[in-house]
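Residue numbers start at 1 and run along the sequence shown. Everything numeric in this text was worked out from a predicted model, so none of it was measured.
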Amino acid sequence: MAHTKSQRTVRGNRDSRSKRLGIKVFEGGRVIPGNIIVRQRGTKINAGPGTLLSRDFTILALKEGKVRFYRRRGELFVTVD
């Protein structure tokens, strides 16, 4: 017995591929220049010292060091020390 009734019911049965967003290097993790720290849509996390906010809101490391997250005035920032 078929699981779908007919070809018509399959039309809307697709989903987009996941975009693999999120934090790629967590607090205390070591990075080198060019490493991706966070992939995001919009500025949920802001770029602090030692980091760069790219056009698609990805946060990259600009220097070698440890990743640190902190809050200032309710905003979340990431920095490389």
Side-chain angles (χ1 to χ4, degrees):
M1 190 165 173
H3 289 285
T4 54
K5 200 168 183 182
S6 67
Q7 287 294 85
R8 279 269 183 227
T9 57
V10 176
R11 181 172 288 184
N13 197 16
R14 287 181 297 277
D15 200 0
S16 62
R17 298 179 108 178
S18 64
K19 301 299 181 224
R20 275 74 171 180
L21 302 176
I23 298 173
K24 306 300 178 186
V25 180
F26 291 90
E27 177 121 18
R30 302 216 34 99
V31 291
I32 59 171
N35 279 141
I36 294 173
I37 300 171
V38 180
R39 280 213 175 263
Q40 60 185 352
R41 295 289 171 256
T43 52
K44 293 176 176 70
I45 300 173
N46 297 289
T51 61
L52 172 82
L53 185 68
S54 70
R55 279 185 4 187
D56 67 346
F57 300 104
T58 296
I59 298 178
L60 305 157
L62 287 179
K63 62 181 187 178
E64 193 171 340
K66 278 188 178 179
V67 174
R68 190 171 66 89
F69 291 89
Y70 64 93
R71 284 195 181 276
R72 185 184 299 157
R73 295 192 186 129
E75 298 281 323
L76 183 60
F77 289 85
V78 61
T79 186
V80 175
D81 295 330

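Legend: residues meeting salt bridge (Lys or Arg N to Asp or Glu O under 4.0 Å) with D15, ordered by chain and number and at least two apart, are absent. Residues that satisfy the salt bridge (Lys or Arg N to Asp or Glu O under 4.0 Å) test with R30, not counting sequence neighbours, are absent from this structure.
Taking all atoms of both residues into account, the shortest heavy-atom contact from S54 to L60 is CB-CD1, 4.4 Å. Shortest non-hydrogen contact noted between A61 and I32 is CB-O, 3.6 Å.
Atom-to-atom distance recorded for I37:CD1 and L53:CG is 11.0 Å, nearest 0.5 angstrom. Here the OG1-CD1 distance, from T79 to I59, works out to 10.5 Å after rounding to the nearest 0.5 Å.
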What pairs of donor and acceptor atoms, side-chain ones from residues 41-50 against any protein atom, are under 3.5 angstrom apart with sequence neighbours left out?
unit_1: K44; atom_1: NZ; unit_2: R41; atom_2: O; d: 2.9
unit_1: N46; atom_1: ND2; unit_2: E75; atom_2: OE1; d: 2.9
unit_1: N46; atom_1: ND2; unit_2: L76; atom_2: O; d: 3.3

Identify all side-chain donor-acceptor contacts of residues 19-28 below 3.5 Å with residues at least two apart in sequence or on another chain.
unit_1: K19; atom_1: NZ; unit_2: R17; atom_2: O; d: 3.4
unit_1: R20; atom_1: NH1; unit_2: S18; atom_2: O; d: 2.9
unit_1: R20; atom_1: NH1; unit_2: S18; atom_2: OG; d: 2.9
unit_1: K24; atom_1: NZ; unit_2: R20; atom_2: O; d: 2.7
unit_1: E27; atom_1: OE1; unit_2: F69; atom_2: N; d: 3.2

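Legend: salt bridge (Lys or Arg N to Asp or Glu O under 4.0 Å) pairs involving residues 47-69, not counting sequence neighbours, sorted by first then second residue: R39-D56, R68-D81.
The hydrophobic cluster containing Y70, built from Ile/Leu/Val/Met/Phe/Trp/Tyr side-chain heavy atoms closer than 4.5 Å, also comprises F77.
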